[in-house]
Amino acid sequence: MYPMISAFILHVAQEIQSSGLVDADSDLYRCRLILPFAKTDTHPGNSDSSEKVDIGLCYENVGSSVKLQDGMSYYSLFSIVEAKRGRSAMDSASAYAQLFAYSEKLYFYQINRRFLWGIVCCGSVVNACLFSNYNVHASPDIDVAKPSGRKEFVRLLVGWSLCEWNRLGYDQTITLNNELGCYEVQVPKQDDPKEHTIYYCDDSVLAAEREFGRHCRCLLATPVSPKSKVPNGAKLQHTVVIKDS
């Protein structure tokens with residue numbers, strides 16, 4: 001079942017890339033491909049728990065190779081798919097319970113997440129889930145055994161590929177700088193809130209440890225930009241604590 005779901009998602013990504021509607025060198029910087037990880041029913045790389053994610057999804061630049069991705073971790077996951085072969089009430093309840101439990105980890109590990117997306121698949125029926133601060137909204141049943149259902153599932157994947165960054169659930173004021181190996185955090189200046197100071201963050205003293213609520217985080221940061229990528233295991237020289245909630 002997992003390979004079929006992953007193959008469908010890869011097919012949609014391939015069609016987006018080859019459609020000619022999106023140019024990898026254009027100014028449409030927000031466009032991306034939604035791609036599944038190669039390993040399924042597996043532990044995310046940075047987790048020491050017994051939890052196994054059925055299918056993990058990530059995003060890559062629209063010009064990237066359309067293939068199964070390696071290196072799944074809670075840091076790199078955009079969304080999680082929990083799948084069951086059956087369509088009973090017990091199957092559905094189990095899938096939702098697992099999705100809720102695993103999605104909570106994304107808030108903890110990703111300091112720039114404001115809300116989350118997830119997918120539950122029971123048999124041929126798919127439900128897209130939107131996690132807000134206070135509840136979870138599930139879409140009506142999408143039966144991918146029917147042409148109309150497959151069309152709706154494709155629309156979901158295309159929407160994720162073409163929408164604005166913040167509609168994926170990410171905070172636009174906190175961005176990961178892969179070249180430096182840390183986050184860049186924009187903080188409004190006190191004398192002019194329209195202007196921002198950039199801080200560099202690679203650690204926190206308080207992470208978001210719950211699925212619902214304000215997701216308060218206290219970030220350790222510095223206004224001094226690293227001269228090179230922060231080595232694994234090393235830390236920046238933190239001088240400030242930024243409360244983000």
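Just so it is clear, the model here is predicted, and its values are computed rather than measured. All values below were derived from every heavy atom in this structure, side-chain atoms included, with hydrogens, water molecules and symmetry-related copies excluded.
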Let me have the donor-acceptor pairs involving side chains of residues 62-72, under 3.5 Å, with sequence neighbours excluded, atom names and distances please.
residue: S64; atom: OG; partner: N61; partner atom: N; Å: 3.4
residue: S64; atom: OG; partner: N61; partner atom: O; Å: 2.9
residue: Q69; atom: NE2; partner: K67; partner atom: O; Å: 2.8

- Not counting sequence neighbours, list each pair that qualifies as a ring-ring contact (aromatic ring centres under 6.0 Å, His included) and has a residue in residues 79-99.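 Checked against ring-ring contact (aromatic ring centres under 6.0 Å, His included) - neighbours excluded - no pair reaches residues 79-99.
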- Message: The criterion is ring pair (Phe, Tyr, Trp, His ring centres under 6.0 Å); which residues satisfy it with F8, sequence neighbours excluded?
- Response: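 Ring pair (Phe, Tyr, Trp, His ring centres under 6.0 Å) check on F8 returns F153.
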Can you sort out the partners of [X] under salt bridge (charged side-chain N to carboxylate O under 4.0 Å, His left out), two or more places apart, ordered by chain and number?
| X | result |
| --- | --- |
| R155 | E152 |
| D171 | R114 |
| D141 | none |

- Message: If I compare all heavy atoms of S139 with all of N127, which pair ends up nearest, and what's the gap?
- Response: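 Closest heavy-atom pair between S139 and N127: O-ND2, 3.0 Å.
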- Item | Connected hydrophobic set around I174, excluding itself, where side chains approach under 4.5 Å |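 Traced through the cluster, I174 reaches I111, L176, Y183, V185, V187, Y199, L219, V240, I242.
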- Sorted by first residue and then second, give each salt bridge (Lys or Arg N to Asp or Glu O under 4.0 Å) pair with at least one member in residues 192-203; sequence neighbours left out.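 Those involving residues 192-203 are D203-K235.
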- Return each pair, listed once, that meets salt bridge (Lys or Arg N to Asp or Glu O under 4.0 Å) where at least one residue sits in residues 85-101; pairs must be two or more places apart or across chains.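 Of all non-adjacent pairs touching residues 85-101, none passes salt bridge (Lys or Arg N to Asp or Glu O under 4.0 Å).
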Not counting sequence neighbours, which residues clear side-chain hydrogen bond (donor to acceptor under 3.5 Å, both in side chains) with [X]? List them please.
| X | result |
| --- | --- |
| S76 | S73 |
| Y170 | R113 |
| N166 | none |

- Message: Can a donor-acceptor pair be found, under 3.5 Å and without considering hydrogens, that links the side chain of S161 to the backbone of L33?
- Response: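 Between the backbone of L33 and the side chain of S161 there is no qualifying donor-acceptor contact (under 3.5 Å).
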- Task: Establish whether L130 and F78 are linked, either directly or via other cluster members, by ILVMFWY side-chain heavy-atom contacts under 4.5 Å.
- Result: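 Per the 4.5 Å side-chain linkage, L130 and F78 are co-clustered.
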